[in-house]
There are 2 protein chains.
Amino acid sequence: MLKTSIQTEKAAVILKLLGDKTRLTMMKLMDSHACCVCEFVEIFQFSQPSISQHLRKLKDLGLVKEERKGQWIFYSVNKNNEYYSFIKPILDQLPSQDYKINELEEKGTRIICC
Amino acid sequence: MLKTSIQTEKAAVILKLLGDKTRLTMMKLMDSHACCVCEFVEIFQFSQPSISQHLRKLKDLGLVKEERKGQWIFYSVNKNNEYYSFIKPILDQLPSQDYKINELEEKGTRIICC
DNA sequence: TTATTATATAACTATTCGCTTATATATACA
DNA sequence: TGTATATATAAGCGAATAGTTATATAATAA
């Protein structure tokens, strides 16, 4: 059953997290692709700790999940999270970021593991 | 025609504004009622300037509109704004705040003008 | 006119935020 | 084992945020 309501306070916390261009773009990307930290570093041109800290915040709220594959840790949107139905309509309205993945592939820096 | 996409940067700015419990609650209220500053002061128990500043931010983005009626200025969600279709699904998932209006009416502090 | 009420703006402050660099941890590989 | 690669954490710093108080502006009422 679709969740139709969410605590206002929780909603505000989630929206604040999504209210950062970097995190919002990451979420849009991770909604359709599992990505690792080094890919985000390449895409956003921020330091690796900066990317890790963004992911940490998203993970702390349960919005993303991580899966280690060898030396890499792949992050993706946690679609089993109870708030996924809240954020999905938001992500769906955002322009696709797939071209960023394509750019990685063209540069040969896309990580495809296992 | 429904707008199905929004610039990522603009979306982030809007979500950041909505990512504050006070503003988010105000937006939910104003989606169904026109409210004036003094009512919000009563509801949230913040100073009048604090409320005015929140409304100013929402107005600067075009998310709300104002209408002066005598000594009061009534604020409501601007449903003609190009981003309304972006925020509407968010507001719709939030719990109703109508009880706050009811409380004002019971206390006799609800402003109904003209 | 003068006083009152409603709202806006300015200035200030404590806290939060998002980045940085430095360092620690964990895995892969020679 | 030692070295390189990937990621996480800690500490620090400047900018942004959300509240406050003081003051200005605008409409109403006496």
Side-chain angles (χ1 to χ4, degrees), chain A residues 8-9 12-27 30 34-61 63-76 104 107-114, chain B residues 8-9 12-27 30 34-61 63-76 104 107-114:
Chain A
T8 307
E9 187 149 13
V13 170
I14 291 172
L15 293 173
K16 180 179 287 180
L17 268 201
L18 297 183
D20 173 272
K21 190 185 175 186
T22 305
R23 279 192 300 264
L24 188 60
T25 306
M26 291 168 92
M27 285 295 289
M30 289 187 288
C35 299
C36 64
V37 176
C38 58
E39 290 175 319
F40 285 131
V41 171
E42 174 82 13
I43 288 171
F44 295 105
Q45 295 288 302
F46 284 134
S47 67
Q48 173 266 313
S50 177
I51 299 297
S52 282
Q53 286 155 14
H54 281 306
L55 289 167
R56 179 73 202 279
K57 290 177 184 179
L58 295 171
K59 201 185 71 174
D60 282 350
L61 268 188
L63 301 186
V64 303
K65 60 184 179 184
E66 59 178 39
E67 186 183 0
R68 180 177 279 278
K69 286 190 180 176
Q71 53 189 145
W72 297 284
I73 299 177
F74 283 81
Y75 285 88
S76 55
L104 290 187
K107 280 194 282 184
T109 52
R110 170 78 167 142
I111 310 291
I112 300 179
C113 174
C114 310
Chain B
T8 306
E9 187 148 14
V13 171
I14 291 172
L15 294 172
K16 180 178 287 180
L17 268 201
L18 297 182
D20 173 274
K21 190 187 176 185
T22 304
R23 279 193 299 265
L24 187 61
T25 306
M26 292 168 91
M27 286 295 289
M30 289 187 289
C35 300
C36 63
V37 176
C38 58
E39 290 175 320
F40 285 132
V41 171
E42 173 83 12
I43 288 171
F44 294 107
Q45 296 288 301
F46 284 134
S47 68
Q48 173 265 313
S50 176
I51 298 298
S52 282
Q53 285 156 15
H54 281 307
L55 288 167
R56 178 75 201 279
K57 289 178 184 179
L58 295 171
K59 201 185 70 173
D60 281 351
L61 266 190
L63 301 186
V64 304
K65 58 184 180 185
E66 61 179 35
E67 185 184 0
R68 180 177 279 277
K69 288 189 179 175
Q71 54 188 148
W72 296 284
I73 298 176
F74 283 81
Y75 285 88
S76 56
L104 290 187
K107 282 193 281 184
T109 52
R110 170 78 167 143
I111 310 290
I112 301 180
C113 174
C114 311

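In what follows, every chain begins at residue 1, and chains take the letters A, B, ... in the order their sequences are listed. These numbers come from a predicted model, not from an experiment.
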Taking any heavy-atom pair under 4.0 Å as a contact, classify A:Phe44: base, sugar-phosphate, or nothing.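 Counting heavy atoms under 4.0 Å across all strands, no contact is made by A:Phe44.
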By the 4.0 Å heavy-atom rule, please label A:Phe40 as base, sugar-phosphate, or nothing.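 Here A:Phe40 touches no strand at all.
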A:Arg68 or A:Thr22: which one's nearest nucleotide on DNA chain C is closer to the 5' end?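 This one resolves to A:Thr22.
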Polar atom pairs (N or O), protein with nucleotides 15-17 of chain C, under 3.5 Å:
none

Can you check the B:Glu66 CD to C:dA6 P distance for me, whole Å?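 Distance check: B:Glu66 CD to C:dA6 P gives 17 Å.
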Nearest heavy-atom pair of B:Leu24 and B:Leu18: which atoms, and what distance?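 What the structure gives for the nearest pair is CB-O, 3.4 Å.
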Measure across A:Cys36 and A:Ile111 and return the closest heavy-atom pair with its distance rounded to 0.1 Å.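 Of all heavy-atom pairs spanning A:Cys36 and A:Ile111, the closest is SG-CG1, 3.5 Å.
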Hey, where on DNA chain D does chain B first and last touch, going 5' to 3'? Cut-off is any atom under 4.0 Å from a heavy atom.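 Nucleotide range with atoms under 4.0 Å of chain B: D:dT17 to D:dT28.
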Identify, with sequence neighbours excluded, every residue that meets side chain to side chain contact (heavy atoms under 4.5 Å, CB included) alongside A:Arg56.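 Only A:Asp60 meet the side chain to side chain contact (heavy atoms under 4.5 Å, CB included) criterion with A:Arg56.
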Output, in order, the C-alpha distance, side-chain angles, deciding distance and verdict of side-chain contact (heavy atoms from CB on, under 4.5 Å) for A:Ile43 and A:Met26. CA-CA 10 Å; A:Ile43 288 171; A:Met26 291 168 92; over 6 Å; no
Quick check against the 3.5 Å criterion: does A:Gln48 have a side-chain atom that pairs as donor or acceptor with the backbone of A:Val37?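 Checked: no pair found.
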Working note: A:Lys65 + A:Glu67, criterion side-chain contact (heavy atoms from CB on, under 4.5 Å); need CA distance, chi angles, decisive distance, verdict. CA-CA 7 Å; A:Lys65 60 184 179 184; A:Glu67 186 183 0; over 6 Å; no
For residues 45-54 of chain B, which residues have at least one heavy atom under 4.0 Å from DNA chain D?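 When residues 45-54 of chain B is checked for heavy atoms under 4.0 Å from DNA chain D, the hits, listed by number, are B:Phe46, B:Ser47, B:Pro49, B:Ser50, B:Gln53, B:His54.
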Dump the intermediate steps for side-chain contact (heavy atoms from CB on, under 4.5 Å) on A:Phe40 and A:Thr22, then the final yes or no. CA-CA 10 Å; A:Phe40 285 131; A:Thr22 305; over 6 Å; no
According to side chain to side chain donor-acceptor pair (under 3.5 Å), who are the partners of A:Lys16, at least two apart in sequence or on a separate chain?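 Expected list: none.
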Could you tell me which residues satisfy salt bridge (Lys or Arg N to Asp or Glu O under 4.0 Å) with A:Lys59, sequence neighbours excluded, listed by chain and number?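 Partners of A:Lys59 under the salt bridge (Lys or Arg N to Asp or Glu O under 4.0 Å) test: A:Glu66.
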Have a look at B:Leu63 and tell me which of B:Arg23, B:Met27, B:Lys57, B:Met30 forms a side-chain contact (heavy atoms from CB on, under 4.5 Å) with it.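 Going through the options one by one, the only one that passes is B:Met27.
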